[in-house]
Amino acid sequence: MMVANYNIARPDGEPMIKYPKDLDLRRLVRFSAEDGAIWLGEHRMLLTHVAALAALRKELFNLVGAEQARRILTRMGYACGTRDAELARKIRGDQDPMTAFFVGPQLHMLEGSVQVTPVKVEMDIASGKFFGEFIWKNSWEAQVHVEEFGPQHDPVCWMLLGYASGYTSAFMDRFVLFKEVECAACGPDHCRIIGKPLAEWPDAAEYAKYYEDDAIVSRLLELATQVDVLRSSLEGKHRIENMVGSSPAFLRAFQLVSKAAETNVTVLLTGETGVGKERFARALHQTSSRSNGPFIAVNCAALPHDLIESELFGAEKGAFTGAHATRIGKFERAEGGTLFLDEIGELPLMAQSKILRVLQEGEIERLGDEQTRKVNVRVVTATNVDLQKAVKEGRFRADLFYRLNVYPIAIPPLRERTLDIPPMVEAMIKKFSALHNKRVAGVTDRAMQALKRYDWPGNVRELENLIERGIILTPQDEWIELDQFSLSLDSAVESDIHLTNSGTLEEKRPPEQLRLCEAFVASGLSLDAVETMLLQEAVERNAGNLAGAARSLGLTRPQLIYRLKRDQESAPEKE
């Protein structure tokens, strides 16, 4: 069993901090001023005024009352705590459980929320046993609450309590409830909290309600959903399956599809490869009067040229070698519905002429048959090539182009639909999680920013492949991080600045430089010893050529000679 039992106190009973060094946590903090973002690991953070949070707290009190405000703030803190517990597993997961657990209190302090001093911690992860007692000083919640509402009779550090409960519950994989038994807002100079599993609290139900879904908020969300449904019904449209988007570019294209659905016009969908032209074609079919009929999709580029006509129009028995039975073509299979011809620009000229006849006359003729057959089919075509250019080059019939180009719809590339990426990612995660029987928490803020900055040459198809890859590589119930995605996203990652041990800001070092620094620090060598070692190594690698050694170190020859002489003079004489 992984058991940890810390009773951290001096003989006089006063608490004493026994935290590990937090350099590993400070390195998680990255400031990217040019991009307007602060990062803690892969999660985006905010550096905001306490006064602003105080104003928000006051507005909540005035708007929904103290009880509902407490519930909202507690749940906010709980969400923050669960996020930081993920970092604890990742950063110190290979260390002893108490060192890993202390990530939470240390991050709580690093984030500027409160000073946390452990008094007593007993923990057994295997059995779920936990008891924790901590002293809080300089609580921002107690401070702002007293400033706004005066001294209190009951504890008020609800967001901080939510954090402690959320962090510990996620760390222990069971609900651990913290209660504030002393609060600085009530007179003492500090706060004191105690945490243990929910079942061990006799008044558990009284406090657990603050961690449940807010009944009022849930009702408001339910009413908002009903309003959205009513508004959608009044507009006469509803969201089509697999059609996710609210960006202006998407809505323009979808509006054109919706208008075309009310008619029988032939539609030409254009756009780059992977933008989802077939999805738009299916949406057109589903919202049309033909929705009860079949939807037949054909990739013209994948059809062998000598079989295209038989695939599209059918063939009678004996029409050609190998035709041992009558074959019904795609046009007849799509009777009463929609036929989607993807990559129509790849059709040979002979097949193009027959497509034109179908569009003009509404009839087909099977290979090997002299009888014509009427078909009731709506044709939707798509291409990622410039058909006008193909017409000029003689690769595409001009009359067919003008017949298809009656109602063109340009499907926007994904780089023009940045607003749609988060909901698309959410929908894809649900899809591939079910497909691979895998649960993930979502995509980290940093990974999402990279997704939104990426240029997406492969469009929606590339995004799907990337999300599926991320789900496969991500451990169960964890967040998909940037590392789980393709290396092609590296160019979309922001340039970072990180917080040094002293709290100052500096440019973030490349990983190889960071590893080198860590190796030097771990070696225990002094700075002078490291410099001497580097000087000697440079001279040896250049076979005694001082000019070459100086250039490799970014020094001039006189500077190198000066340092070598200085080291020789300061070296202890050998007996």
Side-chain angles (χ1 to χ4, degrees), residues 253 256-271 277-278 280-303 305-316 327-411:
L256 291 173
V257 168
S258 301
K259 291 184 178 298
E262 302 169 358
T263 70
N264 284 312
V265 67
T266 301
V267 175
L268 173 63
L269 301 174
T270 62
K277 293 186 285 291
E278 184 172 341
F280 277 84
R282 288 185 181 274
L284 174 60
H285 171 74
Q286 292 171 12
T287 54
S288 71
S289 59
R290 297 175 177 269
S291 58
N292 293 328
F295 177 86
I296 306 296
V298 180
N299 187 341
C300 298
L303 295 177
H305 280 202
D306 54 348
L307 295 178
I308 285 179
E309 293 187 36
S310 63
E311 286 289 328
L312 294 179
F313 310 111
E316 290 292 324
R327 179 182 179 83
I328 299 176
K330 302 295 186 183
F331 273 94
E332 290 184 79
R333 293 181 185 277
E335 178 68 25
T338 303
L339 178 65
F340 175 54
L341 300 177
D342 196 9
E343 305 296 350
I344 194 170
E346 304 298 327
L347 281 177
L349 293 174
M350 181 62 71
Q352 292 177 28
S353 64
K354 294 195 173 184
I355 294 288
L356 179 62
R357 180 182 177 186
V358 177
L359 296 177
Q360 291 177 338
E361 308 296 337
E363 59 185 27
I364 65 166
E365 186 176 315
R366 295 176 184 170
L367 288 179
D369 190 9
E370 297 180 355
Q371 178 185 355
T372 60
R373 291 175 168 81
K374 286 287 185 180
V375 289
N376 177 21
V377 176
R378 184 199 197 129
V379 177
V380 178
T381 60
T383 183
N384 62 355
V385 301
D386 186 344
L387 290 185
Q388 283 185 311
K389 182 179 178 182
V391 169
K392 293 178 181 179
E393 295 174 351
R395 295 183 292 108
F396 201 82
R397 293 179 60 103
D399 47 3
L400 178 58
F401 169 71
Y402 293 122
R403 184 66 179 80
L404 296 177
N405 204 41
V406 173
Y407 198 91
I409 301 177
I411 310 302

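In this structure, F280 and A253 approach most closely via the heavy-atom pair CE2-CB, 3.9 Å. The minimum heavy-atom distance between I308 and A351, with the atom names listed, is CG2-CB, 3.8 Å. When all heavy atoms of A281 and F340 are compared, the pair lying nearest together is CB-CD1, 3.6 Å. Taking every heavy atom of both residues into account, S310 and A315 meet most closely at CB-CB, 4.1 Å. The shortest non-hydrogen separation linking A260 to V267 is CB-CG2, 3.9 Å.
Side-chain atoms of E311 do not come within 3.5 Å of backbone N or O of G329 as any donor-acceptor pair. Checked by atom type and distance alone, the side chain of S291 never pairs as donor or acceptor with a backbone atom of T287 at under 3.5 Å. Looking only at distances, no side-chain donor or acceptor of Y407 sits under 3.5 Å from a matching main-chain atom of V257. Under a 3.5 Å cut-off, the side chain of K277 and the backbone N or O of G271 do form a donor-acceptor pair.
For the pair V379 and F331, the minimum side-chain heavy-atom distance is below 4.5 Å. Side-chain atoms of L268 and T383, non-hydrogen and from C-beta on, do get closer than 4.5 Å to each other. In this structure, the side chains of R333 and P294 stay at 4.5 Å or more apart for every pair of heavy atoms. In this structure, D399 and L356 have side chains that are in contact, with non-hydrogen atoms separated by less than 4.5 Å. Contact of the R397 side chain with the V391 side chain is not registered, since no non-hydrogen atoms from C-beta on lie closer than 4.5 Å. Side-chain contact check for F313 versus V358: some heavy-atom pair is nearer than 4.5 Å. L339 is not listed as a side-chain neighbour of V380, based on a closest heavy-atom distance of 4.5 Å or more. A heavy-atom distance below 4.5 Å is found between the side chains of L404 and L359.
Using a 4.0 Å cut-off between charged side-chain N and carboxylate O, E332 and R366 make a salt bridge. A salt bridge links R357 with E365; the closest basic N to acidic carboxylate O contact falls under 4.0 Å.
None of R378, R290, H285 except one satisfies the side-chain hydrogen bond (donor to acceptor under 3.5 Å, both in side chains) rule with T338; the exception is H285.
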Please assess V375 against E363 for the test side chain to side chain contact (heavy atoms under 4.5 Å, CB included), listing each intermediate value before the final yes or no.
-> CA-CA 5 Å; V375 289; E363 59 185 27; 5.8 Å; no
Yes or no on side chain to side chain contact (heavy atoms under 4.5 Å, CB included) for N384 and T270, after CA distance, side-chain angles and deciding distance?
-> CA-CA 6 Å; N384 62 355; T270 62; over 6 Å; no
Verify side chain to side chain contact (heavy atoms under 4.5 Å, CB included) between L312 and L341, making sure each step is shown before the conclusion.
-> CA-CA 10 Å; L312 294 179; L341 300 177; 4.0 Å; yes
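Residue-environment remark: CD (Q360) exceeds the threshold of 12 foreign heavy atoms within 6.0 Å.
The structure places CG of L387 at 8.5 Å from CG of L400, a figure rounded to the nearest 0.5 Å. Distance check: I296 CD1 to E335 CD gives 11.5 Å after rounding to the nearest 0.5 Å. Rounding to the nearest 0.5 Å gives a distance of 9.0 Å between CD1 of I328 and CZ of R373. Interatomic distance, T381 OG1 to L347 CG, rounded to the nearest 0.5 Å: 10.0 Å. We find the OG1-CG distance between T266 and N405 to be 11.5 Å, quoted to the nearest 0.5 Å. To the nearest 0.5 Å, atom CD of residue E278 and atom CZ of residue F295 are 5.5 Å apart.
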